[in-house]
Protein chains: 2
Amino acid sequence: MALTHYPVINRNGQLISSAVTNLDLHDLSRSAKTYGVRTFYVVTPLLDQKGLIEKIVFHWTNGIGSKLNPSRRKALELIKIKTSLDEVNEDILKECKIPPKTVVTCARDKYSNFTFSEFYKKLQTENPYLLIFGTAWGLSEELMLKADHVLEPVMGSADYNHLSVRSASAVILDRLLGERKE
Amino acid sequence: MALTHYPVINRNGQLISSAVTNLDLHDLSRSAKTYGVRTFYVVTPLLDQKGLIEKIVFHWTNGIGSKLNPSRRKALELIKIKTSLDEVNEDILKECKIPPKTVVTCARDKYSNFTFSEFYKKLQTENPYLLIFGTAWGLSEELMLKADHVLEPVMGSADYNHLSVRSASAVILDRLLGERKE
């Protein structure tokens, strides 16, 4: 899966590169590890932001944090930092020998063409898939139109769906990969 | 639902009062609003921490934040700040005229005696329920033994379940209250 900081939009619908949120790295890597995701790509084209992510990841995978909290180390070890989603696709192609199908997520229903149930069924037989989460006010329209699939939005029981990316990503992984007792 | 900062344990199993995390207030109130939770209680016995929560909540419900981001306002309006879980129970008794059944959450399986499916069925007919999340390394043993039910842990597909409280609470609400297409 990937968390991307570009191309995303701001509250006015303008294309931006968003800033990295420390807790996104922790929460999404912990969820990725819990649900058996193979790699967690963090994507930003900004050099200073890449440096910041590298510092955080190093602290928890090789620095003091890795000794203080070994379970956190295992989670953050899933992170690979990339400059663009094209680089992510290339990396998966190198690892898996075939290009991934891309699935983007969006809180709005406008572009949605792929249900959780359809995605779940595909995952049982087809691989690899790249699941892409956006930051700020969500992924750009262009990126959504280019993806193989747009996943249906997470809806709760109310007429309001403003989940954080930390919460939404966990719910999405749980719907696709979670186990529960009867 | 409630997020409590006492009584919880630290990494060494000692009883502590944990510090408030700003993003917990945002993420859990956004999830609560999305899944139709009636009230989100934030519990701490520490006066300075209560003051901090009040400042944050005021900013987003009455201050500049409420104008910049009205959907955030609607989420944080669900927050009630309380000194103890006893105060939470009293508030629910006052609002609903009957005391709530309490359900605590835990990442470990040791005390679990209530499945998601059982809880889901109960929610269709019985009310009110108070769902309690812990911070730090989790709720104290004493609190778990006192609760009416201990919910089964969220398990992913892997032998690792170290979700953040922001992620775990969203997954739990989704399993109990989420809607999805076929």
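Proteins get letters first, then strands, A, B, ... in listed order; numbering begins at 1 in each.
Of the possible donor and acceptor atoms, none in the side chain of Asn12(A) sits under 3.5 Å from a partner among the backbone N and O of Gln14(A). A donor-acceptor pair under 3.5 Å links the side-chain atoms of Tyr160(B) to the main chain of Ser71(A), judged by distance alone. Listed for the Asp148(B) side chain is a donor-acceptor partner under 3.5 Å among the backbone atoms of Thr102(B).
Heavy atoms closer than 4.5 Å to chain B are found in the side chain of Val154(A), but not in its backbone. Looking at Leu163(A), the atoms closer than 4.5 Å to chain B (heavy atoms on both sides) sit in the backbone and in the side chain alike. Contacts between Ala75(B) and chain A at a heavy-atom distance below 4.5 Å involve backbone atoms as well as side-chain atoms. Neither the backbone nor the side chain of Leu28(A) comes within less than 4.5 Å of any heavy atom of chain B. Only the side chain of Arg11(A) comes within contact range of chain B, with heavy atoms under 4.5 Å apart. Neither the backbone nor the side chain of Ile172(B) has a heavy atom closer than 4.5 Å to any heavy atom of chain A. Within the 4.5 angstrom heavy-atom criterion, only side-chain atoms of Thr21(B), from C-beta onward, approach chain A.
Comment: Arg166(B) engages Asp27(A) in a salt bridge, judged by a side-chain N to carboxylate O separation of less than 4.0 angstrom. Salt bridge present: Arg73(A) and Glu77(A) bring a charged side-chain N and a carboxylate O closer than 4.0 Å. Contact check on Glu95(B) versus Arg38(B) returns a salt bridge, with a Lys/Arg side-chain nitrogen under 4.0 Å from an Asp/Glu carboxylate oxygen.
In terms of heavy-atom pairs under 4.5 angstrom with chain A, the leader among Gly36(B), Ser167(B), Ala168(B) is Ser167(B). Of the residues considered (Leu23(B), Asn69(B), Leu173(B)), Leu23(B) shows the highest number of contacts with chain A, using heavy-atom pairs under 4.5 Å. The residue among Leu177(B), Thr34(B), Asn161(B), Asp159(B) with the most heavy atom pairs within less than 4.5 Å of chain A is Thr34(B). Ranking Ser31(A), Ser29(A), Ser157(A) against chain B, the residue ahead of the rest is Ser157(A), based on heavy-atom pairs under 4.5 Å.
How far CD1 of Ile79(B) is from OG1 of Thr39(B): 11.0 Å, rounded to the nearest 0.5 Å.
The minimum heavy-atom distance linking Leu78(B) with Val37(B) is given by the pair CD1-O, 3.8 Å.
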